[in-house]
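Below is one structure; the comments refer to it alone.
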Amino acid sequence: MNQPLSIPKGTRDFTPEQVSKRQYIFDTLKRIFSLYGFAPIETPAMEQLSTLLGKYGEEGDKLLFKVLNSGDFIKDISNNDWNEGNSHKLSLKICEKGLRYDLTVPFARYVVMHRNEIVFPFKRYQIQPVWRADRPQKGRYREFYQCDVDIIGTNSLIAETELLLIINNVFDALQLKYITLLNNRKILQGLAERCSLNEHFVAFTTILDKLDKIGIDAVMIELALLPVEQNILNELKNFLQQFLSLSSNSQKIQIAKSFINNEIGLKGLEELDFLVNHAKQLNIEHNIKFDILLARGLSYYTGTILEVKSSETAMGSICGGGRYDNLTGIFGLPDVSGVGMSFGADRIYDIMETLNRFPENLTQPTDVFIANFLPNIENQLIEITQQLRKNQIRADLFYDNTVKLKKQLTIAHQKKIPWVLIVGEDELQQGKYQLKNMNTGEQFLLSLTDIIEKIKKS
RNA sequence: GUGGUCGUAGCUCAGCUGGUUAGAGCGCCAGAUUGUGGCUCUGGAGGUCGCCGGUUCGAAUCCGGUCUUCCACCCCA
């Protein structure tokens, strides 16, 4: 009977208390998203595998959860396929669907499918779970929620600016300190071009991204393995050291301009300059840091990229995003530029939990507990309870009248319900009931109208 | 995906190099208090020592596998 039960690796159950805390985060995000003019959509948990494959780079493809075809999926497989022993290739023949890996690619698919009914620029938010077959760690789950905001159908950098404002609003509301790392894919491309490493863009940026972990010397050693001239590497090293010693965003942009000095790089730096200047005007620049090393793996980004980290804990990024000029192009709708970002609700939850930042009274869903310890008065108790509910008082009627009042009070206490209504024979005769305040222990004999008023006032 | 790590009561953990009936604190239940919770006191229940297998006269303890947790890579929210 006592079989060991379990849930899959990297997934979690949520208790009522956890759910109300998570809901608090979702509600905050929704409120702020709609404040900026975003409307919600939802998409299915599963997408066609063809929609998902190839959008997240080689690594991403490996992390997709595939959904086995229904019916007799074996009959279409040749002996060759079996004997080859290539499980990846085989999986593609028996799986047509996959669980979504993020919300951005499904959104691009949505935009293309609904292009005729969408009014551009289209601003949508979406809060739904995604699945990744990653190896779990703290703050890294196989099922987790993403909370996306995207603006599609505009090149305007005001869109990016508004994203920065949203970040500021959200983390202010949640009372978390944060830092937004800002970069631009064009700057990275310009940097690669400056080093004549256009051909090795991905490798180049991945190595750069490791700098704060392994140090500049180790980065130089790894870069030296690429086909690059040593004197260019030396120049790069000089530039990076100088860059890293600066703290002012404008100064960083200045020296980056003089070092990179090619068309694409300067374009990226101009875009970044625009954002930094606006941030300065909007008084949020102190939370923004130009980080020329920030790469972000997702291959669809083409312009601005950003990543938000908590400045109070060592959790990974809690929000990330950027501009993608041609994501819908893959699905047959070219020339639609979008920019968006994703908040990681689960990581935000973990941080708020360790820093104790949730408001106090989130987990108190019931206002009054109605004790029930006399025979044959349930009709009257149900009637009283309904009256309370009609007045928007959240009321919990106890069902089993054989349970001692003492025990019922313990239950109310454990459920953290602030009021208990005690209805005995004397009270019924008078038409007045005992209302007990569970925090102070005070007790009042009141009519139902007064009870309603008292609970509402508290 | 690679390399490590953890798993003992509802929770947090103890259990020395293998040796009788596996412990503590908190929580839970009952009573002291037959219509009054929290504090106190008294008593009580609760464990296939993650799971499967092996070594041994004997395994929570040693070994192998497996699942899970956490960590470092990788990548990311």
Side-chain angles (χ1 to χ4, degrees), chain A residues 1-12 15 25 29 56-64 87-88 100-104 127-148 202 205-207 209-210 213-214 294-299 301 305-310 314-321 341-351 369 371-374 377 398 401-428 433-443 445:
Chain A
M1 234 17 249
N2 236 353
Q3 287 178 12
L5 297 173
S6 66
I7 55 175
K9 188 199 288 229
T11 66
R12 295 150 299 156
T15 63
I25 296 174
L29 291 168
Y56 307 109
E58 229 174 283
E59 288 298 318
D61 282 357
K62 283 192 219 153
L63 300 179
L64 285 172
S87 51
H88 175 69
R100 62 169 170 249
Y101 176 91
D102 71 358
L103 300 176
T104 307
I127 298 178
Q128 289 193 281
V130 304
W131 293 268
R132 296 183 187 178
D134 220 339
R135 188 167 290 198
Q137 276 180 38
K138 197 179 204 72
R140 170 184 283 191
Y141 306 101
R142 289 188 151 187
E143 178 185 63
F144 62 97
Y145 269 74
Q146 289 199 331
C147 312
D148 276 36
V202 174
T205 54
T206 325
I207 295 169
D209 199 33
K210 289 195 260 187
K213 234 174 216 177
I214 63 175
L294 176 68
R296 295 194 60 80
L298 295 182
S299 47
Y301 291 120
I305 46 182
L306 65 89
E307 196 164 293
V308 182
K309 289 181 168 177
S310 160
M315 182 73 68
S317 61
I318 50 180
C319 176
M341 62 186 176
S342 181
F343 289 84
D346 300 82
R347 285 187 177 174
I348 293 171
Y349 177 97
D350 288 346
I351 289 172
F369 177 97
N372 175 12
F373 53 94
L374 293 178
I377 64 160
F398 195 75
N401 63 21
T402 64
V403 174
K404 289 178 187 165
L405 178 59
K406 180 182 164 67
K407 176 65 183 162
Q408 294 191 31
L409 282 165
T410 306
I411 291 170
H413 174 74
Q414 287 171 326
K415 291 174 100 172
K416 298 192 169 90
I417 300 174
W419 298 98
V420 172
L421 194 62
I422 298 167
V423 181
E425 277 161 24
D426 297 349
E427 286 85 358
L428 275 174
Y433 318 109
Q434 297 284 355
L435 183 65
K436 185 181 174 83
N437 182 322
M438 293 295 278
N439 296 319
T440 63
E442 284 176 295
Q443 213 162 298
L445 186 64

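Every chain is numbered from 1 and lettered A, B, ... according to where its sequence line falls, protein lines coming before strand lines.
- Between the P atom of B/rU69 and the CZ atom of A/Arg135 lies a distance of 11 Å, rounded to the nearest Å.
- Across A/Met341, A/Lys309, A/Arg347, a single residue satisfies side-chain contact (heavy atoms from CB on, under 4.5 Å) together with A/Cys319, and that is A/Met341.
- The residue A/Gly60 sits apart from the nucleic acid: no heavy atom pair falls under 4.0 Å.
- Within the 4.0 angstrom heavy-atom criterion, only backbone atoms of the sugar-phosphate kind lie near A/Thr206; the bases stay farther away.
- Under the stacking definition used here (centres under 5.5 Å, planes under 30°), the residue A/Phe144 qualifies as stacked on the base of B/rA77.
- One N or O on the side chain of A/Arg142 and one on the backbone of A/Asp134 form a donor-acceptor pair closer than 3.5 Å.
- The distance between atom CD of A/Glu425 and atom P of B/rU36, rounded to the nearest whole Å, is 15 Å.
- Taking atom C1' in both B/rG47 and B/rA22, the straight-line distance is 8 Å, to the nearest Å.
- With hydrogens and angles disregarded, a donor-acceptor distance shorter than 3.5 Å links the side chain of A/Gln408 to the backbone of A/Val403.
- In this structure, A/Asp350 places its CG atom 10 Å from P of B/rC71, rounding to the nearest Å.
- Nearest heavy-atom pair, A/Ile305 versus A/Ala295, reported as atom, atom and distance to 0.1 Å: CD1-O, 3.2 Å.
- A/Leu374 and A/Val423 get closest at one heavy-atom pair: CD1-O, 4.0 Å.
- Rounded to an integer number of Å, the gap from CD of A/Gln137 to C1' of B/rG4 is 11 Å.
- Residue A/Glu427 is in base contact, counting any heavy-atom pair closer than 4.0 Å across all strands shown.
- At whole-Å resolution of the value, CG in A/Asp134 and P in B/rC75 are 11 Å apart.
- Comparing the same atom, P, in B/rU48 and in B/rA30 gives a spacing of 23 Å after rounding to whole Å.
- With hydrogens and angles ignored, the 3.5 Å screen pairs a side-chain donor or acceptor of A/Asn372 with a backbone N or O of A/Phe398.
- Note on A/Lys415: every side-chain N or O is 4.0 Å or more away from OP1 and OP2 of B/rG37.
- Across all strands, A/Cys319 comes closer than 4.0 Å only to sugar-phosphate atoms, never to a base (heavy-atom distances).
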Check step by step if side-chain contact (heavy atoms from CB on, under 4.5 Å) holds for A/Thr410 and A/Gln414.
-> CA-CA 6 Å; A/Thr410 306; A/Gln414 287 171 326; 4.1 Å; yes
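- In this entry the distance linking NE2 of A/His413 with C1' of B/rC39 reads 11 Å, nearest Å.
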What pairs of nitrogen or oxygen atoms, one from the protein and one from nucleotides 40-43 of chain B, lie under 3.5 Å apart?
none

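- For the P atoms, the distance from B/rC6 to B/rG50 is 13 Å, rounded to whole Å.
- Between B/rA14 and B/rC73, the two P atoms lie 27 Å apart (nearest whole Å).
- Residue A/Gln434 has no polar side-chain atom (N or O) positioned under 4.0 Å from OP1 or OP2 of B/rG35.
- The base of B/rC75 sits with one of its N or O atoms less than 3.5 Å from a complementary donor or acceptor on the side chain of A/Arg140.
- Shown here for A/Lys436 and A/Gly441, the closest heavy-atom pair between the two residues is NZ-O, 3.8 Å.
- Out of B/rG37, B/rG35, B/rC73, the shortest distance to the side chain of A/Lys213 is found at B/rC73.
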Please test A/Thr104 against A/Asp148 for side chain to side chain donor-acceptor pair (under 3.5 Å), starting from the C-alpha separation and ending with a verdict.
-> CA-CA 8 Å; A/Thr104 307; A/Asp148 276 36; 3.3 Å; yes
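- With rounding to whole Å, A/Lys138 atom NZ is found 11 Å from B/rC71 atom C1'.
- Taking every heavy atom of both residues into account, A/Gln434 and A/Gln443 meet most closely at OE1-NE2, 3.3 Å.
- With A/Asp346 contributing its side chain and A/Phe144 its backbone, the two residues share no donor-acceptor pair below 3.5 Å.
- For B/rA9 and B/rG15, the C1' atoms lie 14 Å apart once the distance is rounded to whole Å.
- Stacking of A/Arg12 on the aromatic ring of A/Tyr141 is recorded, both the 6.0 Å distance cut-off and the 45° axial limit being met.
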I'd like a list of close polar pairs between nucleotides 5-11 of chain B and the protein, N/O only, cut-off under 3.5 Å.
none

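- Nearer to the 5' terminus of RNA chain B, by closest-nucleotide assignment, is the contact made by A/Thr440 (compared with the other of A/Phe343 and A/Thr440).
- A donor-acceptor pair is defined here as one N or O able to donate and one able to accept, closer than 3.5 Å; no such pair exists between the side chain of A/Asn437 and the backbone of A/Glu442.
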How does protein contact run along nucleotides 28-33 of chain B, one letter per nucleotide 5' to 3', with B for base contact, S for sugar-phosphate only, - for none, heavy atoms under 4.0 Å?
-> SS-S-B
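- If you take atom P in B/rC16 and the same atom in B/rC71, they sit 27 Å apart, rounded to whole Å.
- Dashed line: the shortest gap from a side-chain N or O of A/Lys210 to OP1 or OP2 of B/rC73 is not under 4.0 Å.
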Begin from the C-alpha positions of A/Arg100 and A/Trp131 and carry the test side-chain contact (heavy atoms from CB on, under 4.5 Å) through to its verdict.
-> CA-CA 6 Å; A/Arg100 62 169 170 249; A/Trp131 293 268; 4.1 Å; yes
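- Closest-nucleotide positions on RNA chain B for A/Ile7 and A/Tyr141 were compared, and the one nearer the 5' end corresponds to A/Ile7.
- Contacts of A/Leu405 with the nucleic acid, taken as non-hydrogen atoms under 4.0 Å apart, include base atoms.
- Going from atom NZ of A/Lys9 over to atom P of B/rG1 covers 7 Å, rounded to whole Å.
- The same atom, C1', is picked in B/rG31 and in B/rC13; the two are 30 Å apart, to the nearest Å.
- Distance noted for atom C1' between B/rG19 and B/rU2: 41 Å (whole Å).
- Nearest heavy-atom pair, A/Glu427 versus A/Tyr433, reported as atom, atom and distance to 0.1 Å: CG-CA, 3.9 Å.
- A/Gly10 comes within contact range of the sugar-phosphate backbone alone, with a heavy-atom separation under 4.0 Å but no base atom that close.
- When each of B/rG35, B/rC74, B/rA77 is scored by its nearest atom to the side-chain atoms of A/Glu59, the top-ranked nucleotide is B/rC74.
- When heavy atoms are screened at a 4.0 angstrom cut-off, A/Ile411 is found touching no nucleic acid atom at all.
- When both distances must be under 3.5 Å, the Watson-Crick or G-U wobble mate of B/rG31 is B/rC41.
- Using a 4.0 Å heavy-atom criterion, one finds that A/Tyr145 contacts no nucleic acid atom at all.
- Across all strands, A/Gly424 comes closer than 4.0 Å to base atoms (heavy-atom distances).
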